[in-house]
2 protein chains.
Amino acid sequence: MRTGTKAVSISLSTTDIRCAECPIRHRAVCSNCNEEELQQLDQIKYYRTYAPGQTIAWAGDELTFVGSVVRGVASLSQTMEDGRTQMVGLLLPSDFVGRPGRNSLPYDVTAVSEITLCCFRRKPFEKQLAATPHISERLLEMTLDDLDAAREWMLILGRKTAREKIASLLTIIARREKSMEFAAQGDAVIIDLPLTREAMADYLGLTLETVSRQISALKREGLIQLDGKRRIIVPDMPALMDETGDDMDGGMIT
Amino acid sequence: MRTGTKAVSISLSTTDIRCAECPIRHRAVCSNCNEEELQQLDQIKYYRTYAPGQTIAWAGDELTFVGSVVRGVASLSQTMEDGRTQMVGLLLPSDFVGRPGRNSLPYDVTAVSEITLCCFRRKPFEKQLAATPHISERLLEMTLDDLDAAREWMLILGRKTAREKIASLLTIIARREKSMEFAAQGDAVIIDLPLTREAMADYLGLTLETVSRQISALKREGLIQLDGKRRIIVPDMPALMDETGDDMDGGMIT
DNA sequence: CGCCATGTTGACCTGGATCAAGTAAGGTGG
DNA sequence: CCACCTTACTTGATCCAGGTCAACATGGCG
């Protein structure tokens, strides 16, 4: 299954960005850091950019850095010998990549779109982590959020129908892209899907044909409109959310 | 769906256990603590015991404590309005319950067997957490492990066949129960299943009938033997692991 | 003993997988 | 500017793993 990605291993060292001007400054693992702590991180950070489809790290291989997604989308996925693959994480800007304390990951990390990471060599980062509660507290919080997201995803994988899965995915992407601004009900929401049909299938535990058919069905019923292949317009977000199978009330996060 | 559990709300204050004699002392969230730190925890800890089937916390309801499983098994699960439920966590001794920084959980916590928790009221625990890197480091490590486990589980839910799911579950339980002592190949492994067929189905995203049929099939083929309903004997663990669909090589954790 | 919870097994059905043709939109080179 | 690929996507026909519905077995336990 390790095929297809013939892209040359680009890793452009992007023009350095000063932390203060960083677009993910307020959400990433460094978001609680003060000026002094940021300067320390600044000294060990560097940027890497990957082309779409390029592999950032193979499962089990050594990963010498950890870091944050600055721009673009990446996926974490697991593949069985016979090629069945399941996406287990979708990394959007500000998400953290890598595991302090381990020098490898048990899943493949792949660039979905062109992506830029703010990287730290693992050892120096671990040292900084141990010395800076602002970082470790934030990392714990982010990891707990990832765990909650993984568990919501488990319900989708284990118990939802194909249609509910698609509606759930669109809802999740919309929520993350728009940071939950669709409180303005009645307004159409535009989702720029960062995923191919195949990637959506790997996310949802479906085949790409089923994804395509369900999207067609939602379109036929007027719940969504397509603008090109990848842009989806949701005229009535609550109506789409009704199709996810979730109850809209319980589980208030306080 | 919130039916069935008519058990009276038992919460026996167990005879206090001194931390030094605690059976989960070396694996729980407190495992890195020194004597002094343990004494501080000792002052805010208390024990609670729940009967099998009893609900420890409902999704979305306030949960005033966090804690460790000392003895017994509990589950985390999510239920849809129409009753479909998916287990999203299985808590065995030493596992941590609850989420610092939030006063509710987005899933139900239910005692599977009789279970004893070592509880801390949330606020004092958070204070201790902030003051004690030994605790927060361990909690981060445990949360990262939970996240890896959740992601392995996602592959099971999304891509594995019913037979592979059952084999995976048995392998996971065996691994956790026996703490990986089955290196002694050729020896039979005895698994005392803490789960009913229905709970196994909720774990694996199957129906209980399918679970029952697959277990019968594995028995018929000699891969497992049953001793009563809940005790499973695996004469040849590697043979069972072959049925999980996992490759036995890659993903070495280093 | 009879009850109720748990588990097994059978017969049938169906949602989504599989297999197989298409279509549509870039991209490239002549 | 067009002919030709290639990659992404759509749609149809058929199949089958696992769900559903239903009957029955087993085994604690009052």
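Below, each value reflects all heavy atoms present in this structure, side chains not excepted, and no hydrogens, waters or symmetry copies. Predicted model, so just to flag it, every value in this text is computed and none were measured.
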Subject >> Rounded (10°) bend between the five-pair end axes of the helix from C/dC1-D/dG30 to C/dG30-D/dC1 >> reply: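 The two end axes of the helix from C/dC1-D/dG30 to C/dG30-D/dC1 meet at 30°.
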
Original post:
Just one of A/Arg175, A/Arg159, A/Lys160 clears the salt bridge (charged side-chain N to carboxylate O under 4.0 Å, His left out) bar with A/Glu152, so which one?
Top reply: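 So the option named by the test is A/Arg175.
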
Original post:
Got a sec: does the CD of B/Glu209 have more than 12 other heavy atoms crowding it under 6.0 Å?
Top reply: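 Counting other residues, nucleotides and ligands, CD of B/Glu209 exceeds 12 neighbours.
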
Original post:
From D/dC9, C/dG16, C/dT9, pick the nucleotide closest to the side chain of A/Arg197?
Top reply: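 So the side chain of A/Arg197 is nearest to D/dC9.
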
Original post:
Among the nucleotides C/dG16, D/dC9, C/dG7, which one has an atom lying closest to any side-chain atom of A/Ala162?
Top reply: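 The nucleotide sitting nearest to the side chain is C/dG16.
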
Original post:
If only side-chain N and O atoms of A/Arg163 are considered, is one of them under 4.0 Å from the OP1 or OP2 phosphate oxygen of C/dG16?
Top reply: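 It does not, given that no N or O in the side chain of A/Arg163 lies less than 4.0 Å from OP1 or OP2 of C/dG16.
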
**OP:** Please round to the nearest 0.5 Å and tell me the distance separating atom CG of A/Asp242 and atom CG of A/Asp236.
**Re:**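 Answer for the CG-CG pair, A/Asp242 versus A/Asp236, is 8.5 Å.
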
For [X], report the nucleic acid contact type (base, sugar-phosphate, nothing); a contact means any heavy atom under 4.0 Å.
X: A/Gly205; answer: sugar-phosphate
X: B/Ser216; answer: sugar-phosphate
X: B/Ser212; answer: base

**OP:** Keeping the roles fixed (side chain from B/Trp58, backbone from B/Tyr107), state whether a donor-acceptor pair exists under 3.5 Å.
**Re:**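 Here the side-chain-to-backbone pair does not exist.
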
**OP:** Check whether any side-chain N or O of A/Thr161 sits under 3.5 Å from a backbone N or O of A/Glu164 as a donor-acceptor pair, and report yes or no.
**Re:**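 At least one qualifying donor-acceptor pair exists.
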
Subject >> Toward the 5' end of DNA chain C, by each residue's nearest nucleotide, B/Val211 or A/Val211 >> reply: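 On the 5' side of the pair lies B/Val211.
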
[atom1] of [X] versus [atom2] of [N]: gap in Å, rounded?
X: B/Ile166; N: C/dT8; atom1: CD1; atom2: P; value: 11 Å
X: A/Arg159; N: C/dG16; atom1: CZ; atom2: C1'; value: 16 Å
X: B/Leu206; N: D/dG19; atom1: CG; atom2: C1'; value: 10 Å
X: B/Ile215; N: C/dT8; atom1: CD1; atom2: C1'; value: 11 Å

**OP:** Flag the pair B/Ser75 / B/Asp202 as yes when at least one side-chain heavy-atom distance between them is below 4.5 Å, and no otherwise.
**Re:**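 Sidechains of B/Asp202 and B/Ser75: no contact.
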
Subject >> Residue pair B/Ile156 / B/Ile172, side-chain heavy-atom distance below 4.5 Å >> reply: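 Of all side-chain heavy-atom pairs linking B/Ile172 with B/Ile156, at least one is under 4.5 Å.
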
Return the polar atom pairs (N/O with N/O) between nucleotides 20-30 of chain D and the protein under 3.5 Å, or none.
from: D/dT20; atom 1: O4; to: B/Arg213; atom 2: NH2; distance (Å): 2.7
from: D/dC21; atom 1: N4; to: B/Glu209; atom 2: OE2; distance (Å): 3.2

**OP:** Map B/Lys160 and A/Leu208 onto DNA chain D by nearest heavy atom, then report which one ends up closer to the 5' terminus.
**Re:**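 Its nucleotide being nearer the 5' end, the pick is A/Leu208.
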
Original post:
Do A/Tyr46 and A/Arg48 have side-chain N/O donor and acceptor atoms under 3.5 Å apart?
Top reply: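 No donor-acceptor contact under 3.5 Å links the two side chains.
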
**OP:** Output all residues satisfying side chain to side chain contact (heavy atoms under 4.5 Å, CB included) with A/Lys229, sequence neighbours left out; order by chain, then residue number.
**Re:**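 Here no residue qualifies.
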
